[in-house]
Amino acid sequence: QVQLVESGGGLVQAGGSLRLSCTASGRAFRSYAMGWFRQIAGKERDFVAGMSWNGVSLVADSVKGRFTISTDNDENTVNLQMTSLRPDDTAVYYCAAARSYRGIEIPARIDSWGQGTQVTVFW
């Protein structure tokens, strides 16, 4: 099992940037696919971005061109660089780990979740 801890959320004005980080611990971290989801209260958890252990990435259409996912295997971290933020990006963002990159965008395929970090974008 992989344990995940997110950091980097907060308040930002529309058009600004934020960087989220997720530190992983536990066995076999480097064999996991990593990803980010977000959730608004009362709604389903939505896929944002994912990356396989060998660097293949997938980004949701809603954030393509604005958000970038990256990993640092030396630090056991996965990062989400968010730019050109909009108020509709406001959500709780969750780090995720899955044993398989296949289906990384499906919440039911996720094996471990972080506790979540709030991102609020205002005008």
Measuring from Lys43:NZ to Ile40:CD1, what's the distance to the nearest 0.5 Å?
5.0 Å
Under 4.5 Å between any side-chain heavy atoms of Leu4 and Met34, yes or no?
yes
Side-chain donor/acceptor of Ser112 to backbone N/O of Val2, under 3.5 Å
yes
Give the intermediate values and the outcome of side chain to side chain donor-acceptor pair (under 3.5 Å) for residues Thr77 and Asp72.
CA-CA 5 Å; Thr77 59; Asp72 183 337; 4.7 Å; no
Hey, does Leu80 have a side-chain heavy atom less than 4.5 Å from the side chain of Thr68?
no
Arg45 to Trp113, cation-pi by 6.0 Å centre distance and 45° axis angle:
yes
Is there a donor-acceptor pair under 3.5 Å between the side chain of Thr71 and the backbone N or O of Asn73?
no
Give the cluster check for Ile110 versus Val59: same hydrophobic cluster or not, with ILVMFWY residues linked at side-chain heavy-atom distances below 4.5 Å.
no
Nearest 0.5 Å please: distance from the CZ atom of Phe67 over to the OG atom of Ser84.
9.0 Å
Please list every donor-acceptor pair under 3.5 Å in which a side-chain atom of residues 6-19 meets a protein atom from a residue at least two apart or in another chain.
residue	atom	partner	partner atom	Å
Glu6	OE1	Gln115	N	3.0
Glu6	OE1	Gln115	NE2	3.3
Glu6	OE1	Gly116	N	2.9
Glu6	OE2	Cys95	N	2.7
Glu6	OE2	Gly116	N	3.2
Arg19	NH1	Gln81	OE1	3.4

Would you say the side chain of Arg66 lies within less than 4.5 Å of the side chain of Asp89, judging by non-hydrogen atoms?
yes
Okay, side chain of Asp111, backbone of Arg99: is any donor-acceptor separation there less than 3.5 Å?
yes
Is there a side-chain contact (heavy atoms from CB on, under 4.5 Å) between Thr90 and Phe122? Walk through the geometry before answering.
CA-CA 8 Å; Thr90 296; Phe122 60 94; over 6 Å; no
Point-to-point distance, once rounded to the nearest 0.5 Å, from OG1 of Thr83 to CG of Leu85
7.0 Å
Indicate, with yes or no, if Phe47 and Tyr93 share a hydrophobic cluster defined by side-chain heavy-atom contacts under 4.5 Å among Ile, Leu, Val, Met, Phe, Trp and Tyr.
no
Nearest heavy-atom neighbours spanning Ile69 and Gly35:
CD1-CA, 4.2 Å
Quick one: pull up CE in Met82 and CH2 in Trp36 and give me the separation to the nearest 0.5 Å.
8.0 Å
Look at Asp46 together with Arg38 and state whether they make a salt bridge at an N to O cut-off of under 4.0 Å.
no
Answer yes if the ring centres of Tyr94 and Phe37 are under 6.0 angstrom apart, and no otherwise.
no
Taking the side chain as every heavy atom from C-beta outward, state whether Leu20 and Thr117 have any atom pair closer than 4.5 Å.
yes
